[in-house]
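Quick note: numbers below take in every heavy atom, side chains included, and nothing from hydrogens, waters or symmetry partners.
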Amino acid sequence: MLVLTRKKEQSIIIGDNIEITIVDIQGDQVRIGINAPKNITIHRKEVYLEIQDENRRAADFKGVAINRILEKRDK
């Protein structure tokens, strides 16, 4: 992990087209602004993990259904 120190209104650049700016710092909270192309999805990590978990559950469900279909077909 790269760790950088930034002050309010300072930014970092990721690649050629993603800019992350420290907008505000209050106590232990930091507000950040992200400038990125619209085709880049941006989520808070907890939301991203929930989406991944839901996708895994959906994929598992499909896997069971496909297996049952194949079992019935082979009989």
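Under the 4.5 Å side-chain criterion, counting only non-hydrogen atoms from C-beta, His43 is in contact with Thr41. Using a 4.5 Å cut-off on side-chain heavy atoms (C-beta onward), Ile18 and Ile13 make no contact. Val30 is not listed as a side-chain neighbour of Asp24, based on a closest heavy-atom distance of 4.5 Å or more. Leu4 is listed as a side-chain neighbour of Ile12, based on a closest heavy-atom distance under 4.5 Å.
Remark: Ile22 CD1 to Ser11 OG distance equals 8.0 Å, nearest 0.5 Å. The CG atom of Asn17 lies 6.5 Å from the CD1 atom of Ile40; values are rounded to the nearest 0.5 Å. Asn35 contributes atom CG, which lies 8.5 Å from atom CD1 of Ile42 (distance to the nearest 0.5 angstrom). Put simply, CD on Glu50 and NZ on Lys45 are 13.0 Å apart, with the number rounded to the nearest 0.5 Å. Taking NZ from Lys7 and CD1 from Ile25, the interatomic distance works out to 10.0 Å, rounded to the nearest 0.5 Å.
Using a distance-only test at 3.5 Å, with no hydrogens or angles considered, no donor-acceptor pair links the side chain of Glu54 to the main chain of Ile51.
Counting non-hydrogen atoms of neighbouring residues, nucleotides and ligands closer than 6.0 angstrom, the CD atom of Gln29 reaches no more than 12 such neighbours. The environment of CZ in Arg31 is sparse: at most 12 heavy-atom neighbours from other residues, nucleotides or ligands sit within 6.0 Å.
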Side chain to side chain contact (heavy atoms under 4.5 Å, CB included) between Ile32 and Ile34: does it pass, once the steps are laid out?
CA-CA 7 Å; Ile32 59 172; Ile34 303 169; 4.3 Å; yes
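Cluster annotation: Ile20 and Leu2 are assigned to the same hydrophobic cluster (Ile/Leu/Val/Met/Phe/Trp/Tyr, side-chain heavy-atom contacts under 4.5 Å, transitive).
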